[in-house]
There are 2 protein chains.
Amino acid sequence: MIRNLTEQDKEHLQEALVKSGQKVTPQREAVFTVLLAERDHPTVDEVFHRAREVMPGLSLATVYNCLETFVGCGLVRQVNHERESTRYCPNLAPHAHFRDKATGRVHDIELPPEVLKSLRSILPPGFDSEVIEISFHGRAQAGEQHSN
Amino acid sequence: MIRNLTEQDKEHLQEALVKSGQKVTPQREAVFTVLLAERDHPTVDEVFHRAREVMPGLSLATVYNCLETFVGCGLVRQVNHERESTRYCPNLAPHAHFRDKATGRVHDIELPPEVLKSLRSILPPGFDSEVIEISFHGRAQAGEQHSN
DNA sequence: CTTGCAGATTAGACTCATTCTAACTGTGTT
DNA sequence: AACACAGTTAGAATGAGTCTAATCTGCAAG
């Protein structure tokens, strides 16, 4: 089920990589393709297995490297929940995460600017935040399909 | 610098433990004392070393056990930041965490009810959240003393 | 063309927080 | 005293992630 990158996605990848002085490689393309194909917040291991279907020689270390590079140049976000394995998310719009207790699935929750603003406003003066992570943990009713 | 539990804190501990069918033990008292003594979000290892000053035979496994028990009966909260070691926090009021990039220190940030409410409101119908974690990551100006 | 080289990839060793296991302890019960 | 049982303990095991040292790749200089 892994389709190739669209021209647009390819450009996006190339631009971000080159802008931070990195190269486009087949491995990076493969990993990026996997991330865009199924936007379900995969773990490194999941990315690894999916990507190997397309590029059998790919190594786990490379998947770690690629993902780190992508995070570094702002192509994807890391998602951590408690001490579980890190997951990766190519959704760059500001959003929160909802982790379903029952299934373990992670859903993106849109974060309206005014809520983001009210959150920033609780910081006392002198605190300057670059990153805000918001995660919910609970139950999502069966039938909810909201994982992009 | 570790002072004994006040009578009030002792009762608080006992009540919470007994309510969930657990016993008060010297080890649990020691660990709880350490948590209340310095409210700086210690890691398990830090709790371990501090507690051993008071109870030299205490084992790391027991510290893990005690902290897990406390979390289970709602006495303390776990605080996770990326994949760093879990930290523990005896502040039960709703609050967010701010992690200082420079020092690694974690500061509690008060969370006003209306902000909490606006956060809850972004969940689509069908999503029912029990826990919300909010963490900021950035720089706190030197001079800010806000770690309780 | 071939040489050099810098960055990327690779397999496998390593780290380290956390969890597990199995033996032991202490206390309360019959 | 013998038992049961929760709690504690040391040390082994786990597993995500990182590090290392050896290739590999693609490109620029000669």
Side-chain angles (χ1 to χ4, degrees), chain A residues 13-14 16-34 41-52 54-73 75-88 99 104 106, chain B residues 13-14 16-34 41-52 54-73 75-89 104 106:
Chain A
L13 173 63
Q14 168 157 16
L17 284 173
V18 169
K19 194 169 3 180
S20 47
Q22 314 267 15
K23 291 175 186 164
V24 179
T25 68
Q27 287 86 345
R28 285 175 181 167
E29 276 193 9
V31 169
F32 194 59
T33 306
V34 163
H41 307 85
T43 61
V44 173
D45 224 61
E46 285 161 349
V47 173
F48 177 52
H49 289 299
R50 291 179 198 171
R52 266 171 89 94
V54 164
M55 184 181 276
L58 186 70
S59 84
L60 180 60
T62 301
V63 175
Y64 273 102
N65 292 340
C66 290
L67 290 170
E68 195 192 331
T69 303
F70 293 165
V71 170
C73 61
L75 274 170
V76 308
R77 265 175 70 179
Q78 279 183 320
V79 184
N80 287 294
H81 253 287
E82 329 241 288
R83 300 209 91 253
E84 289 175 7
S85 331
T86 301
R87 293 170 177 279
Y88 291 83
R99 174 118 163 311
V106 176
Chain B
L13 172 64
Q14 168 158 18
L17 284 173
V18 170
K19 194 170 0 180
S20 47
Q22 315 268 13
K23 292 178 185 164
V24 180
T25 68
Q27 287 87 343
R28 285 173 180 170
E29 276 194 8
V31 170
F32 194 59
T33 305
V34 162
H41 308 85
T43 61
V44 173
D45 223 62
E46 285 162 349
V47 173
F48 177 52
H49 289 300
R50 291 178 198 171
R52 267 173 88 95
V54 163
M55 182 182 275
L58 186 70
S59 85
L60 180 60
T62 300
V63 175
Y64 273 100
N65 291 340
C66 290
L67 290 170
E68 195 193 331
T69 304
F70 293 165
V71 170
C73 62
L75 274 171
V76 308
R77 265 176 68 180
Q78 278 183 320
V79 184
N80 289 107
H81 254 287
E82 329 242 290
R83 299 211 90 249
E84 292 176 5
S85 329
T86 302
R87 293 172 176 277
Y88 291 84
C89 160
V106 176

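As a basis for the values below, the full set of heavy atoms in this structure was taken, side chains included, without hydrogen atoms, waters or symmetry mates. In the text below, chain A, chain B and the rest are named by the order of the sequence lines, each starting its count at 1.
- Listed by chain and number, the residues in a side-chain hydrogen bond (donor to acceptor under 3.5 Å, both in side chains) with B:Ser59 are B:Thr62 (sequence neighbours excluded).
- Shortest non-hydrogen contact noted between A:Leu67 and A:Val76 is O-CG2, 4.4 Å.
- A search for ring pair (Phe, Tyr, Trp, His ring centres under 6.0 Å) contacts involving A:Tyr88 returns nothing, not counting sequence neighbours.
- Contact annotation for A:Asn65: base contact, defined as any heavy-atom pair under 4.0 Å involving a base atom.
- In the region residues 54-64 of chain B, proximity to DNA chain D at under 4.0 angstrom, judged on heavy atoms, holds for B:Gly57, B:Leu58, B:Ser59, B:Ala61, B:Thr62.
- For A:Thr25, the side-chain hydrogen bond (donor to acceptor under 3.5 Å, both in side chains) test picks out no residue, with sequence neighbours left out.
- Legend: residues meeting side-chain hydrogen bond (donor to acceptor under 3.5 Å, both in side chains) with B:Thr86, ordered by chain and number and at least two apart, are B:Asn80.
- Taking 4.0 Å as the cutoff to heavy atoms of chain A, we find the contact window on DNA chain C bounded by C:dG7 to C:dT18.
- Side-chain contact between B:Met55 and B:Pro26 is present, with heavy atoms from C-beta onward closer than 4.5 Å.
- Nucleic acid contact class of B:Thr86 (heavy atoms, under 4.0 Å, all strands): sugar-phosphate only.
- Interatomic distance, A:Arg28 CZ to A:Thr33 OG1, rounded to the nearest 0.5 Å: 13.5 Å.
- Taken residue by residue, residues 21-28 of chain A places heavy atoms nearer than 4.0 Å to DNA chain C at A:Gln22, A:Lys23, A:Thr25, A:Gln27, A:Arg28.
- The side-chain contact (heavy atoms from CB on, under 4.5 Å) check on A:Val54 picks up A:Ile2, with sequence neighbours excluded.
- If you walk DNA chain D from 5' to 3' and mark each nucleotide with an atom closer than 4.0 Å to a heavy atom of chain A, the marks span D:dA16 to D:dT18.
- Of the possible donor and acceptor atoms, none in the side chain of B:His41 sits under 3.5 Å from a partner among the backbone N and O of B:Cys89.
- Partners of B:Ala51 by side-chain contact (heavy atoms from CB on, under 4.5 Å), not counting sequence neighbours, listed by chain and number: B:Val34, B:Leu58.
- Judged as a side-chain hydrogen bond (donor to acceptor under 3.5 Å, both in side chains), and not counting sequence neighbours, the contacts of B:Arg77 are B:His95.
- Rounded to the nearest 0.5 Å, atoms CD (A:Gln27) and SG (A:Cys66) are 6.5 Å apart.
- Applying the side-chain contact (heavy atoms from CB on, under 4.5 Å) criterion to A:Thr43, with sequence neighbours excluded, gives A:Asp45, A:Glu46, A:Ser85, A:Arg87.
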